[in-house]
Amino acid sequence: MAETVGDEFKRDRAAARPFSLKNRFIGIARVSPTLASGVIIILAFGFMAVFAHWLMPHDPVSAYPERVLKPPSAEHWFGTDGNGMDVFSRVIYGAKFGFGIAIPAVILAVAIGVPVGLVAGYRGGLLDEVLMRFFDGLRVFPSIILALAVVAATGQSLLNVVLVLGFLDSPVFARVVRSEVLSLRSSVFVESAKAAGNPTWRILFIHLLPNAIQGATAQAAVRAAWAVRISATLAFLGVGIQAPTPEWGAMIRQGAEFMVTGQWWVGIFPGIALIFLVFGLNLFGDGLQDLMDPRRRAVN
Amino acid sequence: MTAPVLTVEKLVKRFPAGRSGLFVNAVNSVDLSIAPGETLGMVGESGSGKSTIGRAILRLTEPTEGKITFDGRDITRIPDREIRPLRRDMQMVFQDPWSALNPRMRIGDLIAETMKLHLDLSKTERENRTVRLAERVHLRPEYLRRYSSDLSGGQLQRVCIARAIATNPKLIVLDEPTSSLDLSVRAEILDLLAEIREQSRAAMLFISHDLGTVRLISDRIVVLYLGAVVETAPGEALFADPAHPYSQSLLSAHLPADPEAKLSRHLLVGEIPSPINLPSGCTFHTRCPVAIGACRNEVPGAERIGDAEHYANCLRIAEGGNRIKPTEAA
Amino acid sequence: MSLLEVENLRTHFISRDIDNQIRVAEALNDVSFTLEAGKVLGFVGETGAGKSLTAQSICGLLRPPAKVICGRVTFDGHDLTAMPADDLNALRGAEIAMVVQNPRTSLDPLTRIVDQLVRIHQAHAGGPLAASRTRAMEMMEAVGIPDPKNRANAWPHELSGGMAQRVLIAMALMNNPKLLIADEPTTGLDVTVQAQILDLLKHLTERFGMAMIIITHDLGIVAHYSDEIAVMFAGTIVEAGPVSEVFEAPGHPYTRSLIAATPERLKVGGGAKLGGQPPDLYNLPSGCALRTRCVFASDVCATPPPRTRVGPDHDVNCHFAGDLPS
Ligand SMILES: Nc1ncnc2c1ncn2[C@@H]1O[C@H](COP(=O)(O)OP(=O)(O)O)[C@@H](O)[C@H]1O
Ligand SMILES: Nc1ncnc2c1ncn2[C@@H]1O[C@H](COP(=O)(O)OP(=O)(O)O)[C@@H](O)[C@H]1O
Ligand SMILES: [Mg+2]
Ligand SMILES: [Mg+2]
């Protein structure tokens with residue numbers, strides 16, 4: 001049939017250009033420097049977290065009583081803290097906590113929020129109203145206070161911090177998915193799926209979910225940044241993870257005491273690391289939408 | 001005569017219009033029937049209720065009043081659970097193929113979906129059938145692994161048609177299947193539909209706002225105005241001798257692609273009234289060039305014209321005053 | 001001298017993809033045509049053929065990544081391609097006016113229609129406000145808006161599609177343009193309304209002596225409302241000439257297939273049709289872009305087809321122009 005001709009050109013083009021990671025990265029960087037910076041920062045911290053054991057010059061939790069509060073030096077690049085532990089090694093190790101909390105917390109938030117948003121958006125009516133009011137309630141409450149209260153009440157473990165953050169963050173995903181579903185549910189392909197005889201669960205999970213999830217992926221990075229920030233804040237307030245665990249928030253808390261006496265390095269370096277990771281995740285989340293903008297691709 | 005696949009009696013559909021307590025009278029007491037293997041064309045301007053009728057027939061929207069009998073069974077009020085298995089026998093093709101397909105599913109899975117839902121087939125059997133269906137709609141098998149964004153509008157409409165015929169349905173509702181396609185692609189799709197009609201003998205309800213297209217494929221045509229049938233006729237009879245003044249003006253507004261063709265215009269005054277506030281009597285009287293006083297009050301019934309299956313709902317047919325005098329166009 | 005002369009207009013989309021490769025979509029390739037004052041030229045072709053892009057290129061309405069690579073547009077003696085942006089803006093809306101497809105989205109939803117008409121008159125012609133208002137009323141009357149006194153204060157959302165299109169036409173006429181470009185002015189409107197709008201446009205061109213370019217994919221519109229026709233395919237005009245000539249003796253295989261596909265001529269099930277996919281603008285075949293779909297194509301079609309005159313003012317871009325089997 002006529003549809004067959006003309007195709008050879010398309011295939012030629014696809015075959016002519018093998019995939020190159022380098023070109024892909026340069027391509028992304030030109031379209032969205034924001035996204036590329038985010039990727040670099042996240043990768044750098046990811047590398048630190050995965051290869052912490054090779055990168056750390058010292059054990060992050062071995063105390064050297066004779067080296068307490070030494071300023072940065074060739075031996076201890078970022079100095080030592082109040083227990084005589086190497087701040088540089090602790091900052092590197094801290095990346096493990098950053099990701100270790102943020103990733104499971106976001107996964108949990110997605111696992112709760114996305115199905116709720118799907119059902120609420122598709123069904124509408126009372127169910128939607130109730131679910132969304134409940135989630136709104138969660139959202140208007142200052143999350144840090146809620147997190148503090150819940151972690152304090154349920155016991156101070158890493159697992160509890162993850163569970164609380166994941167739960168508190170789920171409304172964000174429910175909202176994003178719900179609003180996508182609201183606009184998709186009257187779209188023709190959903191009606192076409194219904195006309196074909198799809199049961200509701202297939203419409204929800206096979207047809208709506210894959211199309212509604214895109215907004216949530218950009219959110220995931222932004223919410224991971226939030227989780228990193230809140231978990232550090234909790235630790236800073238002395239809830240959840242406790243010193244001497246090499247977690248950035250806990251380190252900043254310890255460092256704050258020494259700030260007044262002039263030992264700035266104890267708190268500043270974990271603080272910088274925290275800012276960078278949060279910043280990087282946010283850049284990544286914001287940059288994703290640049291890729292959609294054709295005007296950014298123009299060549300003069 | 002064989003029993004019709006579908007009969008629609010006194011179908012009414014009203015949508016609530018905002019919070020005002022008013023209603024959009026989308027469909028107003030429509031009767032129709034389709035025989036097995038027959039293609040019924042349905043024309044009317046946008047907003048005349050074509051899509052709503054199509055969707056109500058397939059129970060994609062709940063009828064407000066009336067009765068729909070499909071394959072001998074009253075399906076007007078049966079619950080969703082019982083409708084779903086019936087969808088094997090009644091399928092739909094939509095206007096805009098770009099938006100009618102899930103963009104995240106592969107073409108092959110889209111075609112196989114109706115079989116997966118309704119037929120008890122092994123995976124390999126289903127795959128074989130998918131390939132055969134692709135051949136039937138003249139789609140190259142390598143497209144089965146692609147996504148809808150890789151295909152042109154014409155190819156996508158082929159996919160939609162393949163989906164619709166996969167379970168050998170008894171009725172296919174085609175809601176403007178060619179309206180958003182380019183001329184030459186439209187021609188190919190019409191060819192394909194004619195071919196399928198020959199092979200499968202499925203009954204079709206072919207909805208379009210374009211008389212020219214409907215004429216090419218329909219055995220019988222119904223003309224809608226403001227949610228009501230104004231004329232029903234065998235295809236050629238409607239074009240040769242449109243009886244209802246609305247059908248006459250609709251035909252005369254058509255622009256043949258031939259500069260030499262003389263246009264005889266009987267253009268209507270004004271625009272379609274709002275379906276929220278339907279005119280009384282014959283709803284067409286506000287724009288009708290041959291309306292008389294009685295048209296304001298009396299709802300016209302179907303008048304038989306000639307000896308063919310040709311009916312029109314106009315009070316003036318009896319006395320022969322239904323013809324609009326043609327005026328030469330500019 | 002003609003009112004509008006377009007010579008070898010070439011507009012490409014040049015962009016960089018996510019793999020840092022520069023990609024060029026050759027959307028318009030050597031578009032040339034002329035339009036005499038007071039005449040109506042119809043542009044036809046399938047979706048994506050470049051009809052709207054031609055209009056946008058002429059009016060300087062392109063947005064990145066679209067770019068005019070070369071070519072000349074001469075309007076009423078001015079070279080538009082060389083004109084500073086401000087001058088071009090002044091010209092557009094005054095001497096050249098445009099009516100686009102979606103009337104509703106082209107109206108400012110927060111301004112009453114009379115104020116929109118006045119605004120466009122003030123922006124170009126200036127003068128006292130009262131004069132602009134009078135003109136607005138005249139134009140609303142001219143485009144057949146019933147009861148213009150009352151309708152003048154309507155908001156855009158209160159108008160039906162047909163009325164909104166009339167308002168847009170009135171806006172286009174406010175400054176007495178020499179050229180009106182109507183890009184699918186009736187697509188999406190009902191046939192009875194379409195007939196009213198087209199009759200109106202035709203009548204207005206005669207009354208005001210305007211030239212008009214009417215862009216459409218409906219051959220019926222071109223057949224009855226324009227003097228000349230230009231058939232576009234893949235960013236080139238493949239055939240151009242007087243309407244009656246072209247419909248009588250189409251010289252290009254593409255034009256023939258278009259005419260054969262109209263409902264009047266179409267025979268369902270009637271054998272081979274020139275269908276298929278529109279060509280990939282990023283990868284146009286060499287020579288004639290139609291050759292992968294054309295039943296007459298041979299090796300020679302890989303070279304650019306010459307422009308051949310087959311009748312009075314009737315040009316065809318095809319190697320076999322004039323000697324195709326009927
Ligand atoms: N879901 C809906 N809610 C409210 N009004 C509707 C809805 N669907 C259709 N309508 C109205 O019903 C009328 C008929 O619409 P439709 O059946 O889509 O007409 P057509 O397909 O002939 O263009 C229109 O006035 C339309 O506005
Ligand atoms: N940003 C873009 N990048 C690449 N190609 C584009 C872009 N925007 C439009 N095009 C292409 O330009 C061509 C011309 O479009 P247009 O003039 O709108 O067609 P028509 O009006 O004839 O339907 C189309 O084939 C379209 O795919
Ligand atoms: Mg419709
Ligand atoms: Mg266009």
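Order of the sequence lines sets the chain letters (A, B, ...), proteins ahead of strands, with each chain counted from 1.
Nearest heavy atoms, B/Ser184 versus C/Arg293: OG-NH2, 4.3 Å. Closest of all the heavy-atom pairs between C/Pro263 and B/Leu216 is O-CD2, 3.8 Å. Across every non-hydrogen atom of B/Ala253 and C/Val191, the tightest pair is CB-O, 3.8 Å. The nearest pair of heavy atoms linking C/Ala223 to B/Asp258 is CB-N, 3.8 Å.
Looking at B/Glu45, both its backbone and its side chain come within 4.5 Å of chain C, counting heavy atoms on both sides. When heavy atoms are compared at a cutoff of 4.5 Å, B/Arg197 does not approach chain C at all. For chain B, the nearby part of C/Gln194 is the side chain; its heavy atoms alone come within less than 4.5 Å.
Side chains of C/Ser244 and B/Glu260: a donor-acceptor N/O pair is absent below 3.5 angstrom, by distance only. At a cut-off of 3.5 Å, with distance as the only test, a side-chain donor of B/His254 or C/Glu264 sits close to an acceptor on the other residue.
Here the side chain of B/Asp182 pairs no donor or acceptor atom with the backbone of C/Glu46 at under 3.5 angstrom.
Considering CG of B/Leu181 and NE2 of C/His217, their distance stands at 10.0 Å, rounded to 0.5 Å. Taking CZ of B/Arg215 as the reference point, atom CG of C/Leu266 lies at 12.0 Å (rounded to 0.5 Å). Rounding to the nearest 0.5 Å gives a distance of 6.5 Å between CD1 of B/Ile272 and OG1 of C/Thr192.
Within 6.0 Å of atom CD in C/Glu158, more than 12 heavy atoms from other residues, nucleotides or ligands are found, so the atom counts as buried in its surroundings.
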* Test log, rule side chain to side chain contact (heavy atoms under 4.5 Å, CB included), inputs C/Leu198 and B/Leu255 -> CA-CA 11 Å; C/Leu198 292 171; B/Leu255 299 170; 3.8 Å; yes
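Chain B forms the most heavy-atom pairs under 4.5 Å with one residue out of C/Ile221, C/Leu219, C/Asp190, and that residue is C/Asp190.
The closest side-chain heavy-atom distance from C/Glu248 to B/Pro259 is not below 4.5 Å.
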